[in-house]
Amino acid sequence: MGNQLPYDATMMPTELKRNISEVDRRIRAAEEAAGRPAGCVSLLAVSKTKPSELVRQAHGLGLRAFGENYAQEMAEKAAALADLPLSWHFIGPIQSNKTSVIAEVSDWVHSVDRLKIARRLSEQRPDGKGPLNVLVQVKTSDEDSKSGVEPDAAPDLIAAISELPGLALRGLMTIPAPATSQAAQSEPFRQLKVLMDHLSHSVPQLDTLSMGMSGDLEAAVGEGASIVRIGTDIFGARYN
Ligand SMILES: *Cc1c(COP(=O)(O)O)cnc(C)c1O
């Protein structure tokens with residue numbers, strides 16, 4: 001935030017509405033192309049860097065779930081929009097000194113990749129809020145990425161996290177390296193699906209695959225995504 005370009009404030013409600021309809025249309029078309037049931041993929045609107053007023057407008061247009069990368073920014077928006085029935089998904093890298101705010105504010109966390117962080121989230125989840133839904137972030141094609149557990153190490157991490165009382169382990173997430181063809185985009189998503197199917201033998205509650213962004217949602221839905229995380233194609237480009 002703190003960026004002075006006026007685009008966010010002036011994004012026209014008609015433009016936001018058109019963007020949301022177009023993303024919905026793409027998701028439905030991809031479900032149909034893959035022979036998956038209509039409506040089986042849910043849309044997470046990634047609102048990072050965008051003002052809470054824009055999130056309020058998006059709620060008015062039917063969106064309920066919003067994704068954020070920075071703990072403090074998520075907490076501020078959740079407070080500003082506390083009158084609305086929204087669900088907040090934390091999708092960014094997690095520093096240990098931010099786990100308490102993440103555990104308090106989030107309904108879901110997609111980016112758990114270390115046991116230490118999972119333990120803190122579990123301990124710091126407020127009583128009465130119910131277990132925090134978590135996904136384990138797995139490194140697929142992007143070898144340079146600092147985030148995500150290596151696929152080989154995922155089974156042990158998943159087994160340990162599944163024991164934590166404050167967390168409800170729900171599935172896996174990945175952010176592949178950018179690729180242009182749909183075939184190349186599909187490969188890491190297929191790998192994540194295979195890994196989850198494998199893990200489901202020992203951890204049967206896994207039911208969620210968070211994969212697909214603005215540029216590759218069709219490939220992700222084709223390989224079994226249950227949540228796609230869309231920022232740019234809903235709220236426009238980010239300038240910071
Ligand atoms: C920013 C971000 C997104 C959204 O990316 P777009 O390309 O703008 O749709 C999705 N997932 C994560 C983890 C992100 O950080």
Side-chain angles (χ1 to χ4, degrees), residues 1 3 5 7-8 11 15-16 18-27 30 41-52 54-55 58 61 63-74 77 87-95 98 102 105-114 117 121 133-149 170-182 184-186 188-189 192 208-240:
M1 313 221 308
N3 187 295
L5 286 166
Y7 293 91
D8 296 336
M11 184 175 198
E15 186 184 352
L16 182 61
R18 200 168 352 100
N19 287 353
I20 294 170
S21 312
E22 175 60 12
V23 166
D24 277 337
R25 187 199 61 72
R26 286 171 60 194
I27 294 171
V41 176
S42 54
L43 170 59
L44 177 64
V46 177
S47 48
K48 65 185 179 199
T49 81
K50 301 295 179 180
S52 54
L54 199 56
V55 175
L61 294 166
L63 300 189
R64 294 294 177 268
F66 295 90
E68 292 285 338
N69 278 49
Y70 304 98
Q72 200 51 42
E73 185 183 338
M74 176 174 68
K77 285 180 204 173
S87 76
W88 293 100
H89 293 230
F90 192 80
I91 62 175
I94 306 176
Q95 296 166 291
K98 296 290 163 47
I102 294 170
V105 176
S106 315
D107 298 287
W108 287 74
V109 176
H110 293 223
S111 43
V112 175
D113 61 3
R114 283 178 291 156
I117 294 293
L121 291 171
N133 294 298
V134 301
L135 305 176
V136 168
Q137 182 174 348
V138 178
K139 212 180 272 196
T140 48
S141 60
D142 195 353
E143 304 299 335
D144 298 335
S145 165
K146 287 193 287 293
S147 305
V149 63
R170 299 293 299 274
L172 305 178
M173 180 272 236
T174 197
I175 311 173
T180 45
S181 75
Q182 188 165 330
Q185 289 172 351
S186 297
F189 297 142
L192 198 70
T208 304
L209 277 176
S210 167
M211 55 191 201
M213 315 194 338
S214 294
D216 56 14
L217 82 83
E218 283 81 4
V221 171
E223 299 303 327
S226 38
I227 302 179
V228 292
R229 310 177 308 268
I230 310 298
T232 309
D233 284 358
I234 291 179
F235 295 117
R238 292 176 293 271
Y239 298 95
N240 48 351

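These values consider heavy atoms only, across backbone and side chains, with no hydrogens, waters or symmetry-generated copies. Counting convention: from 1, in listed order, for ligands and their atoms alike.
Counting all heavy atoms, side chain and backbone alike, S147 lies closest to Q137 at CB-NE2, 3.5 Å.
The residues R26 and E218 are annotated as salt-bridged, a charged nitrogen and a carboxylate oxygen being separated by less than 4.0 angstrom. Classification of R18 and E15 as a salt-bridged pair fails, no side-chain N sitting under 4.0 Å from a carboxylate O.
Between the T174 side chain and the V138 main chain, a donor and an acceptor come within less than 3.5 Å of each other.
Every atom of ligand 1 with a heavy atom of I230 under 4.0 Å away is listed here by number and element: 9 (O). Atom numbering of ligand 1 starts at 1 in the shown order; those under 4.0 Å from a heavy atom of N69 are 15 (O). Atoms of ligand 1 found under 4.0 Å from any heavy atom of T232, numbered from 1 in the order shown, are 6 (P), 7 (O), 8 (O), 9 (O). Of all atoms in ligand 1, listed by their number and element, those nearer than 4.0 Å to a heavy atom of R229 are 4 (C), 9 (O), 10 (C), 11 (N), 12 (C), 13 (C). Residue I91 has at least one heavy-atom neighbour below 4.0 Å for each of these atoms of ligand 1: 11 (N), 12 (C), 13 (C), 14 (C). Shown in contact with I175 at under 4.0 Å from a heavy atom are these atoms of ligand 1, numbered in order with element: 13 (C).
Residue G231 has at least one N or O atom closer than 3.5 Å to an N or O atom of ligand 1. Looking at D233 next to ligand 1, no N or O pair under 3.5 Å apart turns up.
Nearest non-hydrogen protein atom to atom 1 (C) of ligand 1 is K48 NZ, 1.4 Å. Taking atom 5 (O) of ligand 1 as the reference point, the nearest protein heavy-atom neighbour is M213 CE, 3.6 Å. Ranking protein heavy atoms by distance to atom 9 (O) of ligand 1, first place goes to S214 OG, 2.5 Å.
Proximity of F66 to S87: side-chain heavy atoms (C-beta onward) are nowhere separated by under 4.5 Å. Put simply, the side chain of V46 does not reach to within 4.5 Å of the side chain of I234, judged on heavy atoms. By the 4.5 Å heavy-atom criterion applied to side chains, E68 and W88 are counted as neighbours.
In terms of the side chain to side chain contact (heavy atoms under 4.5 Å, CB included) criterion, residue partners of S226 (sequence neighbours excluded) are, by chain and number, T208, L209.
Residue contact annotation: R238 has a non-hydrogen atom under 4.0 Å from ligand 1.
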